[in-house]
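Structure first, commentary second.
The shown structure was predicted, so the numbers you read here are calculated from the model rather than taken from an experiment. Within every chain, numbering begins at 1; the chains are lettered A, B, ... in the order of the sequence lines, protein sequences first and strands thereafter.
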Amino acid sequence: MDEVRTRIAPSPTGAPHIGTAYIALHNYAFAKSRGGKFLLRIEDTDRARSTLESEAQILRALRWMGLQWDEGPDVGGPHGPYRQSERTELYRARTQQLLKSGHAYRCFCTREQLDELRALQTARGEPPGYDGRCRKLATAEADGRASRGEEFVVRLKMPRAGEAYKEVWGEDVDNEDTTLTPGISGFFDGIRKEKVAFENRGVDDQVLLKADGFPTYHLANVVDDHEMRITHVMRGEEWISSTPKHIRLYQAFGWTPPRFMHLPLLRNSDKSKISKRKNPTSLSWFQARGYCRPATVNFLALMGYSRADGRELFDLGELVAGYDAARLSTTAPIFDFAKLDRFNTHYLVHMDRVAFGAYQEDALHALLDYLGPLLPLVQERSRMRTDLDRWTSFLFEREPRYVEPAFRAVGLDAELADKALKLVAKELERAPVIPAQTCREILDRVAEKLLFPANSLYMLVRVAVMFEQESLPLFEVLEFLGPDLVGRRLKEAAAFLRQRAPAGKKE
RNA sequence: GGCCCCAUCGUCUAGUGGUUAGGACAACAGGUUUUCAUCCUGUCAACAGGAGUUCGAUUCUCCUUGGGGUCACCA
């Protein structure tokens, strides 16, 4: 049998995500348990959001997990480059190939036209989706418009409703039925152990090549997985609904698709897909908070997976040794900090002295690294080394520890404070990023509008975010936390005040 | 809303037609520890609902309900 090859393909658009680590862990364990290769590929085709800094952080975080890739941007390999931004020529050539074979076409629709179309469809209660109007364009006309410099994207021709075509179910498993079914496409999911079928009419013509010449995820991912000889794609179940497009692409190229396995998504405690708005998701945060490697790996390995022998405590090597993809579950697990904390306690208490020393050192480095721009502000108010914790502990508090006196000191009655917090939250929501200076302007504006003394509003927000009157400079901290976390704290504070407001005032 | 995925204690899960439905975390109650933590013992706690298949359904089928994902020139 062919060598098993899996990959993790993070997009370097932010902090290393806990979900990436989770998916990576399974890909690694699966490949290694079968004596195969595990690769790392950087999917940086989003020019606007990808950064080298994020890429470096992600690699560092995955290495911290103990994962080692056989091929990747930093270690090289026979199928490189492993950074998609360095493979653009390849995608362009592949796009030409599809254009020539008639599997793809140029689309000259502007964003405005597409927005209009979507608005119209929504208004009419139709499902939104590209209507394929440029599909009818004659090749000669399209070539002409393109050579005249008109901007265009390239779209994949999906089979139309009822149109008969050769169905592809992905790798044939256990003699799965592969008969032709006109109008239906689908794939075999290795975790659900079932065919997942879609009607063609619900799948529109996906963009493959953007106007900037960069490929979309769909194209790059298919081309690279094929070029890099990936045999098994283990990814989040958020990808299930676009898999028919991917299958269609493999088919258009005449390639055999890899085996797909869609892992259940990690969830917030309200069961929504895990997000930084509701949960810490940055691996850097976990390290800085002091979660040790074995606990993190062990706990993550228990999400959606269990061992046949029922053991819950095991290390990465043991996970790999006995890994069985058939034991992956289909239900999405809620990320439970209480259990993670328990695991951390267990590993910390039981590790030997040398390891404990190394852990402390590692965690301190991670903390200092995580603090970054906040560190000088801590230094300004440092009398002792341990003051570090005093000023930064609020960052690692998962639940706010509000106390009434701190709010009372603000000098505003609860009702007004509640109103102010909500207004600030709303204003902040409009800004995708909030530099310190902008924060100040926003707060000043709100204060003026509500006829509040600016200082009172500052203190109110300060306590809402950092719990205490004595704390780091407000605006820098707001910038550091970002709109998601700040918004969350403001709402939590408002809820706290509402709950504490004198009952029976009116109603 | 269309399409798709999912459904066992509060949480993570075992279970693949016959079990007192098992374990772990949390919670609670004890014990060990001069105290605290660790550690140990115990208690509470679940098959979403309804049909069907079957001698027998947590397990198989269908429906309902609930939850989630996805419908971008982001991945």
Report summary line: Checking A/F396, A/F335, A/W64 against A/F286 for ring pair (Phe, Tyr, Trp, His ring centres under 6.0 Å), the one that qualifies is A/F335
Query raised in the report: A/L208 CG to B/A75 P: how many Å, rounded?
Result: 12 Å
Requested in this report: Can you label the angle between the A/F496 ring and the A/Y402 ring as parallel, tilted or perpendicular, going by 30° and 60°?
Outcome: tilted
Query - Strand-adjacent residues in residues 89-103 of chain A, judged by heavy atoms under 4.0 Å from RNA chain B - result: none
Report task. Could you let me know what B/G2 is paired to, Watson-Crick or G-U wobble, both distances under 3.5 Å, or none if it's on its own? Result -> B/U70
Report task. Using the six-membered ring wherever Trp is involved, compare the ring planes of A/F187 and A/F198 and label them parallel, tilted or perpendicular (cut-offs 30° and 60°). Result -> parallel
Requested in this report: Considering only atom P, compute the distance from B/A26 to B/U20 and round it to an integer number of Å.
Outcome: 30 Å
Query raised in the report: Does A/R41 count as lying over the ring of A/Y82, i.e. NZ or CZ under 6.0 Å from the six-ring centre, within 45 degrees of the axis?
Result: no
Query raised in the report: Do A/E141 and A/R106 meet the salt-bridge criterion of a basic N to acidic O distance under 4.0 Å?
Result: no
Query raised in the report: Can you check whether A/F214 and A/Y91 have ring centres sitting under 6.0 Å from each other?
Result: no
Query raised in the report: How far does the C1' atom of B/A46 sit from the matching atom of B/C9, given to the nearest Å?
Result: 4 Å
Query raised in the report: Given atom CZ of A/F337 and atom P of B/C12, what is their separation to the nearest angstrom?
Result: 14 Å
Query - Watson-Crick/G-U partner (both atom distances under 3.5 Å) of B/C44 - result: none
Query raised in the report: Is A/T13 near enough to B/C74 that one of its side-chain N or O atoms lies under 4.0 angstrom from OP1 or OP2?
Result: no
Query raised in the report: If we take the C1' atom in both B/U59 and B/C28, what is their distance in whole Å?
Result: 33 Å
Query raised in the report: Taking the side chain of A/T331 as heavy atoms from C-beta outward, which of B/C73, B/A75, B/C6 is closest to it?
Result: B/C6
Requested in this report: Could you say whether A/Y305 or A/D46 is positioned toward the 5' end of RNA chain B, judged by the nucleotide with the nearest heavy atom to each?
Outcome: A/Y305
Report task. Report the C-alpha distance between A/F343 and A/L313 in whole Å, list the side-chain angles of each, state the deciding distance to 0.1 Å, and finish with yes or no for side chain to side chain contact (heavy atoms under 4.5 Å, CB included). Result -> CA-CA 8 Å; A/F343 272 47; A/L313 294 171; 4.0 Å; yes
Query raised in the report: Given atom CG of A/L340 and atom P of B/C12, what is their separation to the nearest angstrom?
Result: 14 Å
Requested in this report: Specify the separation, in whole Å, of atom CZ of A/F260 and atom C1' of B/C4.
Outcome: 16 Å
Query raised in the report: Which nucleotide, in any strand shown, forms a Watson-Crick or G-U wobble pair with B/U16, with both distances under 3.5 Å?
Result: none
**Report entry** Residue mapping more 5' on RNA chain B - nearest nucleotide basis, A/R192 or A/D212
**Finding:** A/R192
Query raised in the report: Contact class for A/G236 (heavy atom, under 4.0 Å): base, sugar-phosphate, or nothing?
Result: nothing
Query raised in the report: On a whole-Å scale, what distance lies between the C1' atoms belonging to B/U13 and B/U53?
Result: 29 Å
Requested in this report: Determine the interatomic distance between P on B/C44 and the same-named atom on B/G23; round to the nearest Å.
Outcome: 12 Å
**Report entry** Phosphate contact (B/C74 OP1 or OP2) by A/K210 side-chain N/O below 4.0 Å
**Finding:** yes
Requested in this report: Would you kindly check if the NZ (Lys) or CZ (Arg) of A/R155 is within the cone defined by 45 degrees around the ring axis of A/Y130 and under 6.0 Å from the six-membered ring centre?
Outcome: yes
Requested in this report: Please work out which residues in residues 342-349 of chain A have a non-hydrogen atom less than 4.0 Å from an atom of RNA chain B and list them by number.
Outcome: A/R342, A/V349
Query raised in the report: Would you call the rings of A/F253 and A/W255 parallel, tilted or perpendicular, where under 30° means parallel and over 60° means perpendicular?
Result: parallel
**Report entry** Assigned partner base of B/A24, Watson-Crick or wobble definition, under 3.5 Å
**Finding:** B/U11
Query raised in the report: Considering only heavy atoms from C-beta outward, does the side chain of A/Y105 approach that of A/F152 to under 4.5 Å?
Result: no
Query raised in the report: Which residues, if any, of residues 311-320 of chain A bring a heavy atom under 4.0 Å of RNA chain B?
Result: A/E312
Query raised in the report: Taking the six-membered ring for Trp, are A/H232 and A/F30 ring centroids under 6.0 Å apart?
Result: yes
**Report entry** Atom-to-atom span, CG of A/D309 to C1' of B/U13 - whole angstrom
**Finding:** 13 Å
Query raised in the report: Roughly, in whole Å, what's the span from CE in A/M303 to C1' in B/U13?
Result: 9 Å
Report summary line: In terms of heavy-atom contacts, A/Q68 and A/F38 come closest through O-CD2, 3.6 Å
Protein-nucleotides 64-72 of chain B N/O pairs closer than 3.5 Å?
{"residue": "B/G68", "atom": "O4'", "partner": "A/R267", "partner atom": "NH1", "Å": "3.4"}
{"residue": "B/G68", "atom": "O2'", "partner": "A/R267", "partner atom": "NH2", "Å": "3.0"}
{"residue": "B/G69", "atom": "OP1", "partner": "A/K273", "partner atom": "N", "Å": "3.1"}
{"residue": "B/U70", "atom": "OP1", "partner": "A/K273", "partner atom": "NZ", "Å": "2.7"}
{"residue": "B/U70", "atom": "O4'", "partner": "A/S241", "partner atom": "OG", "Å": "3.4"}
{"residue": "B/U70", "atom": "O2'", "partner": "A/S241", "partner atom": "OG", "Å": "3.2"}
{"residue": "B/C71", "atom": "O2'", "partner": "A/P128", "partner atom": "O", "Å": "3.2"}
{"residue": "B/A72", "atom": "OP2", "partner": "A/R118", "partner atom": "NE", "Å": "3.3"}

Report task. Give one of base, sugar-phosphate or nothing for A/R111, where a contact means two heavy atoms less than 4.0 Å apart. Result -> base
Report task. Please identify each residue that fulfils ring-ring contact (aromatic ring centres under 6.0 Å, His included) with A/W239, with sequence neighbours left out. Result -> A/Y217
Report summary line: Out of B/G15, B/U13, B/C73, minimum distance to the side chain of A/R327 belongs to B/G15
Check residues 15-23 of chain A and write down every donor-acceptor pair under 3.5 Å in which the side-chain atom is one partner and the other belongs to a residue at least two apart or another chain.
{"residue": "A/H17", "atom": "ND1", "partner": "A/G19", "partner atom": "N", "Å": "2.8"}
{"residue": "A/Y22", "atom": "OH", "partner": "A/P264", "partner atom": "O", "Å": "2.6"}

**Report entry** Verdict with supporting geometry, A/K278 and A/R488, side chain to side chain contact (heavy atoms under 4.5 Å, CB included)
**Finding:** CA-CA 7 Å; A/K278 296 172 181 169; A/R488 174 178 159 200; 5.7 Å; no
Query raised in the report: Between the base of B/A24 and the side chain of A/K339, is there a donor-acceptor distance below 3.5 Å?
Result: yes
Query raised in the report: Which value, in whole Å, describes the distance between the P atoms of nucleotides B/U58 and B/U65?
Result: 23 Å
Query raised in the report: Just how far, in rounded Å, is C1' of B/C12 from CG of A/N268?
Result: 16 Å
Query raised in the report: Does A/D46 come within less than 4.0 Å of A/R49, counting only side-chain N to carboxylate O?
Result: yes
Query raised in the report: Looking at B/A26, B/C39, B/C4, which one has an atom nearest to any side-chain atom of A/A338?
Result: B/A26
Query raised in the report: With a 4.0 Å cut-off on heavy atoms, is A/T45 in touch with a base, just the backbone sugar-phosphate, or nothing at all?
Result: sugar-phosphate
Report task. Rounded to whole angstrom, note down the P distance from B/A21 over to B/A29. Result -> 28 Å
Requested in this report: Would you classify A/Y217 as touching base, sugar-phosphate or nothing, given that sugar-phosphate means primed atoms plus P, OP1 and OP2, and contacts are heavy atoms under 4.0 Å?
Outcome: base
Report summary line: Here the distance between atom C1' of B/C5 and atom NZ of A/K195, to the nearest Å, is 17 Å
Query raised in the report: Side chains of A/I42 and A/L59: closer than 4.5 Å at any heavy-atom pair?
Result: yes
